[in-house]
There are 2 protein chains.
Amino acid sequence: MARSAPPVDATAGSALVTRLRQFIDLTTAEIASLQSLTRPLRKAQPHEDLITHGHASSTAVLLHQGWAIRHRALEDGRRQVLDFVIPGDFCDPSVFVTPVAGFSLTTITCCTWTPVSGSALLDLIAGSRRIGAMLWWLEAQEESLLRDHLFAIGRMNAQERLASLICELWTRLKNVELDIADGFEWPVNQEVIADATGLSVVHVNRTLRWLEHEGIIRRTGRVYHVHNPERLRYIAHAAKAGIGQTHLDPEIAARLRCSH
Amino acid sequence: MARSAPPVDATAGSALVTRLRQFIDLTTAEIASLQSLTRPLRKAQPHEDLITHGHASSTAVLLHQGWAIRHRALEDGRRQVLDFVIPGDFCDPSVFVTPVAGFSLTTITCCTWTPVSGSALLDLIAGSRRIGAMLWWLEAQEESLLRDHLFAIGRMNAQERLASLICELWTRLKNVELDIADGFEWPVNQEVIADATGLSVVHVNRTLRWLEHEGIIRRTGRVYHVHNPERLRYIAHAAKAGIGQTHLDPEIAARLRCSH
DNA sequence: CGTCGCCTTGAATCATGTCAACTACAGTGG
DNA sequence: CCACTGTAGTTGACATGATTCAAGGCGACG
C-alpha cells in the first residue's frame, strides 16, 4: 500500500523489479535505485563466460534477459551445473568477499546483464536498509535453491530429479515473466540437463520421454508444457521441497517497511 | 600487525575468533564484539534440534563446541545431510529473512551454542563494517562448501565423494582446532556419512574399508587418521575443489582494514 | 547432398543399492 | 557372572537403476 509504484515498463532491468514487487511494495525511490543496476548494460552472446572458474571476479552479475548457468568442471570432462540463472537473478553478490570464483557463469542464450561492483553494492545498501534486506533475501533464496538441488541429486531418482527441476524452473519463471501459463522455453540441450541433474544424457532422454509418455509434460523442441502439474509436483515432492514457498514473511516485510 | 590482539583463552566462543584470526587481524574491540556472541550460552544434548525444518526459526545459530548437521528428510525416510556444522560455524544468518527453515539443524554430540537474533546481527553490523564483511565472508564460505558438496554428489563416485568429504572436514577442523595433526574424531555413524554423500550405508562401509585397505586413511572407532594426504587429495580432486583456498583476499582484507 | 549437432533407441555392462546374516561391543537387569 | 538387548560395523549374494557403447534419425545449414 502506502504510495503505490508506477507501472514497470518493459525495458531491461525490469526483471528484478518485477520479481521483488510480487512480494514487496516498492517506493518510486527504491525502483529508481534498483533501475540504477541496469548501468552499464552489457550484452552477451550465447556461450560467453561472465565469470570464469578460478579467475578473479571483482563484480557480481545481475541478469536482465536470457538464460545462463553456473557450473564447475573437472579436467576429465565431468561437469556439474550448479544452477540455472534466469532474468532477475543476482549472481553472486558474495563474490565481493571471495578472491577467486568457485564456478563459471556462462550464458546459454543471448543475454543482457550488468556487472555490479562491491562498492556499488555497499552504496546501495547504505542508501536503503530495505534494499539491503532485499538483496539479502535474494541470496537466501539462491542458497535455498542450492539446498533443494543438493537434496534432489543426493536422494532422488531420475524421475524425481527431472520433475523437481522442471517444477523449480517453471515456478521461478512465473515470478519474473507474468505471462507464463503452463509452458516455458527451456533453451538448453539435454546434455546441460544431464549435468544439472547428475545423470547421463541418455538417461535424461529416457526419463523425459517417460514423463511425456505418462502425460505429465509435453515437449515441442525445447518448449516444455506442464500438462499434469499435480502429478509433476507429486513426483517432485514439491509440497515439502517447495520453491513455491519462497515468499517474504509478512512480519519481515513489515519490518522492512519500518526501517527506512 | 597494528595493535596485536591478546591471546585467545579457551572459553566457549573462541572458535569463531580462532577461525577469523587466521585470516584477519582482529582489534581488541572486535574480539570483544565477537565474544558478545557467546551470550546467552546454551547447552544441548546429542540429537537435539536447534532448528527444525518447516518451523519458524527466528534466530541464527553460532556453534561454539560440538558437532551438528544440517539435514532435510522426506516422509519416506530418505534423508540428505546438507553439511556438517563444527565449532565456529555461523548457521545460518539468512534465517532472518526466511520465515520457515528449509532444513533441520540437529546436534550429534553435546554442544554449546548461542542463538543470534536478526536485530543483534544488525546491531553488530552497524557497529563495525569490518565485522559485517566478516559475517558476509563466513556465509560465502558456507555457500562455497555447498557447491563443492553438490559437485561431489552429482559427479563423483563413491571413493571420490568420501575422500573429498574427509578432506573438507579435516581442513575445516584445522582452522578452528589448531592442535589437529593428521587425524580427527568424526563423531558420526556410517548412516550419517551415507546421508551426507548420497550413498547407502553398506556402500559407505565398503568404500571406507577400501580407503583403509589402500593405506589412505586409518580408523580407530570414529577417529580418522589421514595416512596418505597426497593421495587423499588426489582422489578428492582437492586441488581444484579446495576448501583450502578459502582464504581472505589480501586486497579485501586491506579494504576491511581501512573501513572502520 | 554432405556434415554437424542433437535427439532417440537398443543392448551390454557396471556401480551402487537391497536384503540378509553375522560379529563386536556396551549396557542392563537378574 | 550370565543372559538379554540394542546399536553399529561388516560381509556376501543378488537385484537394479543408471551408464556406456553404438547406431540410426532428423532437421539446419553451407
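Residue numbers start from 1 in every chain, and the chains themselves are labelled A, B, ... in the order their sequence lines are given, proteins ahead of strands.
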From NE2 of B:His47 across to C1' of D:dA8 the rounded distance in Å is 12 Å

- Query: Between B:Thr106 and B:His71, do the side chains contain an N or O donor and an N or O acceptor separated by less than 3.5 Å?
  - Reply: yes

Within residues 189-201 of chain B, those residues having any heavy atom closer than 4.0 Å to DNA chain D are B:Asn189, B:Gln190

Between CZ of B:Arg209 and P of D:dG9 the distance, given in whole Å, is 11 Å

Q. Would A:Arg19 and A:Glu177 satisfy salt bridge (charged side-chain N to carboxylate O under 4.0 Å, His left out), going step by step from the backbone distance to the final call?
A. CA-CA 9 Å; A:Arg19 183 174 164 199; A:Glu177 288 184 40; over 6 Å; no

Rounded to whole Å, CE of A:Met156 lies from P of D:dG17 at a distance of 17 Å

Residue pair A:Arg161 / A:Leu199, side-chain heavy-atom distance below 4.5 Å: yes

task: Verify whether one side chain among A:Thr38 and A:His64 offers a donor that lies under 3.5 Å from an acceptor in the other.
output: no

Judged by nearest nucleotide, the residue sitting upstream toward the 5' end of DNA chain D, B:Arg219 or B:Arg206, is B:Arg219

Decide, yes or no, whether a salt bridge links B:Arg79 with B:Glu191 under the criterion of side-chain N to carboxylate O below 4.0 Å.
-> no

Original post:
Any ion pair linking B:Arg78 and A:Glu160 (charged N to carboxylate O, less than 4.0 Å)?
Top reply: yes

Bounded by its outermost nucleotides with an atom under 4.0 Å from a heavy atom of chain A, the footprint on DNA chain C reads C:dC6 to C:dA11

Taken to the nearest whole Å, CD1/A:Ile153 to C1'/D:dA18 is 14 Å

Query - Under-4.0 Å salt bridge between A:Glu48 and A:Lys43 - result: no

Between A:Arg155 and A:Glu212, the residue closer to the 5' end of DNA chain C by nearest nucleotide is A:Glu212

Practice problem: Please determine if A:Arg42 forms a cation-pi arrangement with A:Trp113, meaning its NZ or CZ atom is less than 6.0 Å from the six-membered ring centre and no more than 45° off the ring axis. | Solution: yes

Practice prompt. Answer yes when A:Arg219 and A:Glu212 have at least one side-chain N-carboxylate O distance shorter than 4.0 Å, and no when they do not.
Written response: yes

Closest non-hydrogen atoms of A:Arg72 and B:Phe151, given as atom of the first, atom of the second and distance, are O-CE1, 3.2 Å

B:His203 NE2 to D:dA18 C1', in whole Å, measures 13 Å

Within residues 157-165 of chain B, those residues having any heavy atom closer than 4.0 Å to DNA chain C are B:Asn157, B:Ala158

Is a donor from one side chain sitting under 3.5 angstrom from an acceptor on the other, for A:Ser164 and A:His237?
no

